[in-house]
Number of protein chains: 2
Amino acid sequence: MLRIAVLVSGGGTNLQAIIDGVEQGKITNTEICCVISNNPGAYALKRAEKHKIEGVCISPADYRTREEFHDALLNKLLDLQVDLIVLAGCLVVIPPSIVRAFPGKIINVHPALIPSFCGTGYYGLKVHEAVLKRGVKVTGATVHFVDEGTDTGPIILQKAVEVEDDDTPEILQKRVMEQAEWVIMPRAIDLIANDRLVIADGVVKQKK
Amino acid sequence: MLRIAVLVSGGGTNLQAIIDGVEQGKITNTEICCVISNNPGAYALKRAEKHKIEGVCISPADYRTREEFHDALLNKLLDLQVDLIVLAGCLVVIPPSIVRAFPGKIINVHPALIPSFCGTGYYGLKVHEAVLKRGVKVTGATVHFVDEGTDTGPIILQKAVEVEDDDTPEILQKRVMEQAEWVIMPRAIDLIANDRLVIADGVVKQKK
């Protein structure tokens with residue numbers, strides 16, 4: 001069984017897609033052993049509770065320095081002995097110390113087709129605002145391994161979503177979640193849990 | 001009738017998609033009045049001949065300086081009194097003098113989902129090589145208006161194409177042409193010919 005921790009910051013709709021995936025058997029060989037939020041009010045923690053999954057808040061507000069916060073997060077992840085850390089709408093920038101402690105064992109979902117609209121400054125609604133400002137007609141989402149850069153790690157899955165002329169950032173964000181993020185994140189976890197991926201030269205392929 | 005000139009450099013498969021579009025009525029209100037190649041051996045010129053379209057070669061090799069070449073190209077386009085210049089696999093960088101002479105009247109097809117894999121250095125097969133090197137899972141093509149930047153103009157249409165694990169740059173190039181370029185370029189010309197587009201703040205939308 002792949003033991004996963006899901007890191008969230010807000011409502012946790014991506015978390016819900018993962019929970020549903022496990023419960024419905026779309027994600028196999030996987031146990032969600034903890035949901036960690038940096039935000040005590042995150043609805044994601046309620047979702048965890050409802051599904052009898054351990055939920056913890058590790059908030060920067062409770063630590064004197066960023067380093068202490070990072071250490072607390074790292075120690076929790078080490079204690080949990082997780083095989084995979086899933087960033088599912090997690091607005092905390094994962095520090096190099098955690099990336100190095102879990103090499104190739106952290107995945108993130110980004111709400112655009114990397115390398116478009118990614119890197120520092122592109123998160124949440126800002127991504128969709130930038131997409132609409134550029135007048136792009138196709139956007140989407142990407143699930144990728146996390147390395148020490150921002151959105152630079154090997155890409156596992158991507159899915160395209162059409163932009164409509166009347167879109168607002170909020171409407172587009174919802175469509176990208178529903179049509180792409182909630183589809184490819186569970187699929188990526190299932191691929192990892194079933195040892196279906198190989199990575200060579202930073203490129204991910206599926207085993208035949 | 002929209003009078004268009006199609007600028008090409010090679011085989012002219014995008015040109016063929018446009019010719020077919022006009023002959024089959026998928027592109028309406030449009031007359032291809034000239035095919036201009038910078039390469040005397042371009043098969044695109046044969047395609048023009050077969051379909052009784054004027055074909056001309058204006059090659060940099062026949063001029064002493066780049067400026068004289070640009071002037072010859074500009075003069076030909078002015079003589080033709082074209083309403084739209086279509087860059088269909090044209091490897092010549094269109095100089096600011098021509099962009100300024102035909103404001104908002106030049107369109108280009110780029111074999112990627114702009115803003116991914118575009119700008120200086122990304123043309124032809126190099127685009128697909130970069131896509132495979134980054135390990136991207138979704139690519140595509142973009143038809144956009146040409147401004148004085150490289151691939152920076154307003155986007156008219158985009159279409160996504162899946163990357164397969166076994167792809168070579170050549171195989172991917174062919175799939176992007178067949179599934180995206182040959183579809184969106186004729187459609188973009190038809191939209192322009194029928195006055196279906198509005199541009200505001202660099203964003204193209206279709207009239208209701």
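Source: prediction; values computed, not measured. Chain letters run A, B, ... following the sequence lines, proteins first and then strands; every chain starts at 1.
Contact annotation for B/Leu157: only backbone heavy atoms (N, CA, C, O) come within less than 4.5 Å of a heavy atom of chain A. Neither the backbone nor the side chain of A/Ile199 has a heavy atom closer than 4.5 Å to any heavy atom of chain B. Heavy atoms of B/Pro154 lying under 4.5 Å from chain A belong exclusively to its backbone.
In terms of heavy atoms, B/Val136 sits closest to A/Ile155 at CG2-CD1, 3.8 Å.
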Show the pairs of one donor and one acceptor atom, one from chain A and one from chain B, lying under 3.5 Å apart.
from     : atom 1 : to       : atom 2 : distance (Å)
A/Ser116 : N      : B/Ser116 : OG     : 3.2
A/Ser116 : OG     : B/Ser116 : N      : 3.2
A/Ser116 : OG     : B/Ser116 : OG     : 2.7
A/Arg134 : NH1    : B/Gly153 : O      : 3.3
A/Arg134 : NH2    : B/Asp151 : O      : 3.4
A/Arg134 : NH2    : B/Thr152 : O      : 3.2
A/Arg134 : NH2    : B/Gly153 : O      : 3.1
A/Lys137 : N      : B/Gln158 : OE1    : 2.8
A/Lys137 : NZ     : B/Val204 : O      : 2.5
A/Val138 : N      : B/Gln158 : OE1    : 3.1
A/Asp151 : O      : B/Arg134 : NH2    : 3.4
A/Thr152 : O      : B/Arg134 : NH2    : 3.3
A/Gly153 : O      : B/Arg134 : NH1    : 3.3
A/Gly153 : O      : B/Arg134 : NH2    : 3.1
A/Gln158 : OE1    : B/Lys137 : N      : 2.8
A/Gln158 : OE1    : B/Val138 : N      : 3.1
A/Asp165 : O      : B/Lys205 : NZ     : 2.9
A/Asp165 : OD2    : B/Gln206 : N      : 2.8
A/Asp166 : OD1    : B/Lys208 : NZ     : 2.9
A/Asp166 : OD2    : B/Lys208 : NZ     : 2.8
A/Val204 : O      : B/Lys137 : NZ     : 2.5
A/Lys205 : NZ     : B/Asp165 : O      : 2.9
A/Gln206 : N      : B/Asp165 : OD2    : 2.8
A/Lys208 : NZ     : B/Asp166 : OD1    : 3.0
A/Lys208 : NZ     : B/Asp166 : OD2    : 2.8

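Side-chain contact between A/Leu113 and B/Leu113 is present, with at least one heavy-atom pair separated by less than 4.5 Å.
With chain A as the partner, the residue from B/Val204, B/Val138, B/Ile156 showing the most heavy-atom pairs under 4.5 Å is B/Val138.
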